[in-house]
Amino acid sequence: MKEIHFKDIVEEVAGMCQRANYNLGDDVYSAFKKALSSERSETGKEVLAQLIENADIAQAEQVPMCQDTGTAVFIVELGQDCHVTGGLLVNAINEGVAKGYGEGYLRNSMIYNPLNRKNTGNNTPAIVHIELVEGDQMVLHMTAKGGGAENMSAMKMLKPSDGIEGVKEYILSVVKVAGPNACPPLIVGIGIGGNFERCAYLAKKSLFRPIGIRHPDPDVAALEEELIASINRLGIGPQGMGGSTTALDVKVEAESCHIAALPVAVNLNCHASRHQTAVL
C-alpha cells in the first residue's frame, strides 16, 4: 500500500493551479500556430496572432493568460492500492487550490451559493471527480475552466429516433448559439450516452484529452473529424469575428445508455484550454 501525505497533495495542487493559468499547453499552442497558417480571414489571422502573443507574454512573465482564471476542476485517477494520510483527499485538493490561487494572485471566481452570490475568497471549492483504478499511483488531472465558455454549454435528452443526424444537428446548434460568447476558437467536448449526469461528465472528461488525439474507436474518431469540419464551416471564426477557425478540436466520449435514451452534452472550452497533470 503506497501512502501519499495530505501536504504533498496540497503543494502539488497549488503548483498545478498556477502552471495551468500561466503556461498554455504545447498542444493548444501548436494548434494556434497551425490555425494561423490555414485561417482564410485576415481578421481571423490577426486574432490568432494576438492569442499567440498573449500566451507568450503569460509564460514569460508568469501571469494569467486570461482574467478569468477559472473553476478548478479535477479528475483524480486514484489507485486502489494508494492511501492518503494526514487528511481527506478532497480537503487536500481544496487547500491546494486556495494556496495556489492566493499565492499566484489568481482571480477568485467561486461563490458560496448561487442565490446569495457571496465570493468564497479563495476560489474553492474545486469540482472533484474521483475514478478508482488499479495500481498504487494517484494521477491528478486539473483544468481551470472559464465561466464564459461553460455558460454556453448545454445538454439535451434526445430521442433514439433522432439518431446520429439528430446528434450532429444538436451539437452544431449549441455552437451556433454560443457564437462569440464562448471565446472561440473553441475546443468542443461532447458526451453521448450514459444518463443525465453521466453524459455531462463525459463531455467534461473529453476536454482533458490533448488536441489532435482522436478517440480509439474509429467510428467515434470519424465523427470527431466530421464535426470539426462542420463547425469550422459555420464561419464564426476566432473571437467571433469571422473566419474558418471556429474550433481547434472536437472530442467525443460515448458510453452505453438506456434503450429509451439518447443523452447528448456539449461542453465548450474557450481558446484558453488550461490543463495540468501530475502523478504522485
Side-chain angles (χ1 to χ4, degrees), residues 1-28 58-59 62-65 69-112 120-146 150 187 189 191 194 197-198 200-211 213 216 251 253 255 267 269 272-280:
M1 179 71 71
K2 179 179 181 180
E3 293 187 348
I4 300 177
H5 197 274
F6 183 97
K7 288 298 182 184
D8 292 332
I9 300 170
V10 171
E11 293 302 320
E12 189 62 57
V13 166
M16 293 174 78
C17 291
Q18 293 177 18
R19 293 192 298 272
N21 276 286
Y22 301 158
N23 307 317
L24 191 64
D26 291 340
D27 61 326
V28 187
Q59 183 164 2
Q62 291 293 276
V63 294
M65 66 188 76
T69 54
T71 300
V73 181
F74 288 81
I75 295 179
V76 183
E77 297 175 28
L78 181 63
Q80 62 183 359
D81 297 319
C82 175
H83 178 61
V84 177
T85 62
L88 298 176
L89 171 57
V90 173
N91 290 348
I93 290 174
N94 279 319
E95 188 171 318
V97 169
K99 177 181 173 67
Y101 274 72
E103 295 179 354
Y105 300 100
L106 304 174
R107 192 183 82 180
N108 298 318
S109 300
M110 298 301 289
I111 58 175
Y112 284 104
T120 65
N122 59 11
N123 215 57
T124 67
I127 308 296
V128 183
H129 306 278
I130 300 174
E131 297 187 357
L132 190 63
V133 298
E134 294 182 353
D136 64 356
Q137 289 185 324
M138 178 190 300
V139 182
L140 298 165
H141 302 283
M142 180 265 178
T143 184
K145 189 66 170 66
E150 191 79 356
I187 295 88
E197 76 277 6
R198 179 68 178 176
Y201 172 67
L202 291 174
K204 179 74 72 191
K205 184 178 180 180
S206 75
L207 292 173
F208 284 76
R209 196 193 323 153
I211 288 177
I213 303 299
K251 305 166 185 179
E253 293 293 331
E255 281 191 2
N267 195 195
N269 208 116
S273 181
R274 299 165 290 193
H275 296 94
Q276 285 287 310
T277 295
V279 180
L280 296 176

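When only modelled atom types and interatomic distance are considered, H141 and T277 share a side-chain donor-acceptor pair under 3.5 Å.
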When you look at K145 and N269, which way does the side chain to side chain contact (heavy atoms under 4.5 Å, CB included) test go after all the steps?
-> CA-CA 7 Å; K145 189 66 170 66; N269 208 116; 3.5 Å; yes
Working for side chain to side chain donor-acceptor pair (under 3.5 Å), residues Q62 and N23 | CA-CA 8 Å; Q62 291 293 276; N23 307 317; 2.9 Å; yes
Please walk me through it: do E131 and K205 pass salt bridge (Lys or Arg N to Asp or Glu O under 4.0 Å)?
-> CA-CA 11 Å; E131 297 187 357; K205 184 178 180 180; 3.2 Å; yes
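With sequence neighbours excluded, the residues that form a side chain to side chain donor-acceptor pair (under 3.5 Å) with K204 are E150, N267. Residues that satisfy the side chain to side chain contact (heavy atoms under 4.5 Å, CB included) test with A126, not counting sequence neighbours, are A72, F74, I93, N94, V97, V128.
The shortest side-chain heavy-atom distance between M110 and T71 falls under the 4.5 Å cut-off. At a threshold of 4.5 Å between non-hydrogen side-chain atoms, the residues M65 and Q59 do not count as touching. Residues I130 and V90 are in side-chain contact: their nearest non-hydrogen atoms beyond the backbone lie under 4.5 Å apart. Residues K99 and E11 form a side-chain contact, since some pair of their non-hydrogen atoms from C-beta on lies under 4.5 Å apart. For the pair V76 and M138, the minimum side-chain heavy-atom distance is below 4.5 Å. You'll find the side chain of S273 stays beyond 4.5 Å of the side chain of L207, heavy atoms only. In this structure, the side chains of I211 and K251 come closer than 4.5 Å at one or more pairs of heavy atoms.
Using cut-offs of 30° and 60° on the angle between ring planes, the pair H129 and Y201 is tilted.
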